[in-house]
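Below is one structure, written out as structure tokens, with a few remarks after it.
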2 protein chains.
Amino acid sequence: MTAPKIRSPRKPKGQGAERREEILDAALKLFSAKGLHTVSTRQIAEVVGISQPALYAYFATKDDITAELCIRAFAILVERMEAARADFVPTAECFERALKVYVDFGLQNPDAYRVAFMVEKGLDGTYKERVGDRPMMAGIGAFQRFAEIVAEMRDAGLTHDDDVQRMTQTLWAGLHGLVSLLIARADFPWVEREVLIACHISLLRRGALKNMG
Amino acid sequence: MTAPKIRSPRKPKGQGAERREEILDAALKLFSAKGLHTVSTRQIAEVVGISQPALYAYFATKDDITAELCIRAFAILVERMEAARADFVPTAECFERALKVYVDFGLQNPDAYRVAFMVEKGLDGTYKERVGDRPMMAGIGAFQRFAEIVAEMRDAGLTHDDDVQRMTQTLWAGLHGLVSLLIARADFPWVEREVLIACHISLLRRGALKNMG
DNA sequence: CACAATAATCGATCAGTGATAACTTATCAC
DNA sequence: GTGATAAGTTATCACTGATCGATTATTGTG
């Protein structure tokens with residue numbers, strides 16, 4: 001009658017890291033399907049095929065699982081930003097392409113994006129004390145790659161504002177707004193998504209770059 | 001030894017609505033201090049001076065409390081947007097002022113803003129089933145006032161894009177990005193806040209409006 | 001092969017959570 | 001006074017993240 005718990009076979013002695021990966025995989029899938037706050041550690045453990053306390057051999061807290069997922073996703077974003085920067089030439093077209101890299105990443109990795117930038121961290125700093133600011137640092141890593149691209153545009157004399165930090169923060173905020181709203185409010189009556197993204201990016205470009213006669 | 005629970009005197013018979021207000025007040029204060037997910041119904045009840053189950057005489061669920069707070073805050077935003085529209089003339093300066101109304105509101109009501117646009121609602125739609133989309137509708141109400149302002153700018157032939165919905169969504173996303181990041185990532189090494197806001201708003205204005213000779 | 005070491009894992013349990021049920025108490029109209 | 005009932009209580013439930021101590025299973029070594 002009662003659901004028979006299917007247990008994954010115990011890992012060989014040095015292979016604990018493998019289980020760790022399985023936990024992260026299961027967590028990511030569950031978070032994608034049901035949202036972050038509605039997924040329990042017991043649900044994660046059941047998908048993996050281990051007992052709930054077994055999770056704590058690999059992660060100190062539940063937040064550490066989400067933090068790890070976030071860090072990994074941002075490693076990918078950093079890669080993409082570096083790729084975008086590798087064949088970057090300071091033109092408006094190339095600049096827009098770089099902005100699109102960020103948006104595409106967010107929409108392709110909505111769960112990682114949520115963890116990194118949209119999750120309540122608790123204003124009392126509880127979260128930070130536990131997992132540190134490694135997830136945010138990972139995000140900032142991507143942010144810095146983005147700043148380098150903005151710097152190239154400024155060096156070419158194309159930006160409207162000479163302060164790279166300020167300009168990057170503004171652009172980042174502009175991109176984040178669209179990504180986070182499309183993720184969090186998917187049921188809002190948006191105009192067609194790709195059109196909206198294109199419009200948004202060119203608005204940001206017009207705002208950021210000098211108006212070349 | 002153990003903390004003596006201080007109980008608020010029972011309300012007279014018709015005065016239940018008064019207790020309801022006290023609950024909302026307590027919840028708002030606690031949410032502001034500790035963040036949404038870390039505040040429990042028991043903590044709210046203790047501040048009010050009643051037992052925890054007594055809350056459920058006034059709100060069906062905890063989410064209903066946050067939803068109510070959100071709706072009320074957005075009523076204020078709608079007021080402010082209407083005020084901004086009342087003495088609105090289609091100029092770049094006035095347009096920027098309207099954008100600033102939104103940003104200021106978000107930063108002055110961070111908790112309401114969080115509930116309305118930044119809280120995980122659960123991808124399975126659990127949240128919506130419970131509290132409905134009244135909080136979002138309240139937010140959309142404000143959005144529509146904003147759209148009216150954009151429409152005035154377009155009618156004056158000042159906007160870069162003729163599609164009001166598209167343009168409003170883009171601008172909204174741009175504003176939301178800044179507000180939400182400043183709220184959720186207060187510890188990020190931002191440049192000076194007021195400067196950043198001013199820069200952001202003028203970037204959006206340049207992107208949105210035609211470049212007048 | 002036997003054996004100790006230990007990585008991997010489990011069952012039991014804890015305090016705290018949101019929520020419900022059944023009950024009591026104060027207040028009101030008559 | 002006497003019901004009716006709004007306002008509030010205590011006890012409890014299923015569930016949550018987390019901890020403890022015990023128990024496997026695997027491993028390199030004698």
Side-chain angles (χ1 to χ4, degrees), chain A residues 2-23 26-27 30-31 34-68 119-122 124 126-127 129-131, chain B residues 2-23 26-27 30-31 34-67 119-120 122 124 126-127 129-131:
Chain A
T2 164
K5 286 184 191 172
I6 302 157
R7 286 271 136 115
S8 165
R10 173 194 279 251
K11 293 291 173 187
K13 241 185 165 174
Q15 270 21 66
E18 196 173 307
R19 176 102 320 153
R20 203 184 138 90
E21 296 302 315
E22 293 177 11
I23 294 169
L30 283 170
F31 289 160
K34 310 212 252 174
L36 280 165
H37 286 289
T38 59
V39 174
S40 70
T41 52
R42 280 164 182 84
Q43 290 170 349
I44 297 172
E46 190 185 338
V47 170
V48 177
I50 56 178
S51 71
Q52 181 251 358
L55 294 176
Y56 291 83
Y58 304 99
F59 300 94
T61 72
K62 187 190 179 187
D63 285 334
D64 282 300
I65 299 178
T66 62
E68 178 80 33
V119 161
E120 278 278 344
K121 296 287 168 59
D124 49 0
T126 324
Y127 184 93
E129 280 167 24
R130 283 205 300 267
V131 313
Chain B
T2 163
K5 286 184 191 172
I6 302 155
R7 288 270 133 117
S8 166
R10 171 194 281 253
K11 295 289 172 189
K13 240 182 166 177
Q15 273 16 68
E18 197 173 307
R19 177 95 331 145
R20 201 184 140 92
E21 296 302 315
E22 293 177 14
I23 293 170
L30 284 170
F31 288 159
K34 308 211 253 176
L36 280 166
H37 286 290
T38 61
V39 174
S40 70
T41 53
R42 279 164 182 83
Q43 290 170 347
I44 297 171
E46 191 185 337
V47 169
V48 177
I50 55 177
S51 70
Q52 179 251 358
L55 294 177
Y56 291 83
Y58 304 99
F59 300 94
T61 73
K62 187 190 181 188
D63 285 332
D64 282 301
I65 299 178
T66 62
V119 161
E120 278 278 344
D124 48 1
T126 323
Y127 184 92
E129 279 166 26
R130 283 204 299 268
V131 313

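Heavy-atom basis, side chains included; hydrogens, waters and symmetry copies ignored. Here is how names work: the chains are called A, B, and so on, in the same order as the sequence lines, proteins then strands, and each is numbered from 1.
The nearest pair of heavy atoms linking Gln43(B) to Thr38(B) is OE1-O, 3.6 Å. Annotation for Phe59(A) and Glu68(A): closest pair CE2-CB, 4.3 Å, computed over non-hydrogen atoms.
Comparing Ala60(A) and Gly14(B) by the nucleotide of DNA chain D whose heavy atom lies nearest to each, the residue mapping closer to the 5' end is Gly14(B).
Checking dT27(C) for Watson-Crick or G-U wobble geometry (two distances, each under 3.5 Å) identifies dA4(D) as its partner.
Comparing dA21(C), dC20(D), dT9(C) against the side chain of Ala54(A) picks out dT9(C) as the nearest. When distances are taken from the side chain of Pro12(B) to each of dC28(C), dT19(D), dG8(D), the shortest belongs to dC28(C).
Between the C1' atom of dG8(D) and the CZ atom of Phe59(B) lies a distance of 16 Å, rounded to the nearest Å. One interatomic measurement links the two molecules: CD1 of Ile44(B) to P of dA19(C), which rounds to 10 Å at whole-angstrom precision. Rounded to an integer number of Å, the gap from OH of Tyr58(B) to C1' of dG8(D) is 8 Å.
Taking 4.0 angstrom as the limit, Arg7(A) places a side-chain polar atom (N or O) nearer than this to OP1 or OP2 of dG11(C). Regarding contacts with the backbone of dG8(D), every side-chain N or O of Ser51(B) stays at 4.0 angstrom or more from both OP1 and OP2.
Donor-acceptor pairing under 3.5 Å, judged by distance alone, is present between the side chain of Lys13(B) and the base of dT5(D). With hydrogens and angles ignored, no donor-acceptor pair under 3.5 angstrom links the side chain of Arg10(A) to the base of dT26(D).
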Below 3.5 Å is the cut-off: list the nitrogen or oxygen pairs between protein and nucleotides 13-17 of chain D, distance only.
unit_1: dT16(D); atom_1: OP1; unit_2: Ser40(A); atom_2: OG; d: 3.4
unit_1: dG17(D); atom_1: OP1; unit_2: Thr41(A); atom_2: N; d: 3.3
unit_1: dG17(D); atom_1: OP1; unit_2: Lys62(A); atom_2: NZ; d: 2.9
unit_1: dG17(D); atom_1: OP2; unit_2: Thr41(A); atom_2: N; d: 2.7
unit_1: dG17(D); atom_1: OP2; unit_2: Thr41(A); atom_2: OG1; d: 2.8
unit_1: dG17(D); atom_1: N7; unit_2: Arg42(A); atom_2: NH1; d: 2.8
unit_1: dG17(D); atom_1: O6; unit_2: Arg42(A); atom_2: NH2; d: 3.0

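Residues satisfying the salt bridge (charged side-chain N to carboxylate O under 4.0 Å, His left out) test with Lys11(B), not counting sequence neighbours, are Glu18(B), Glu22(B).
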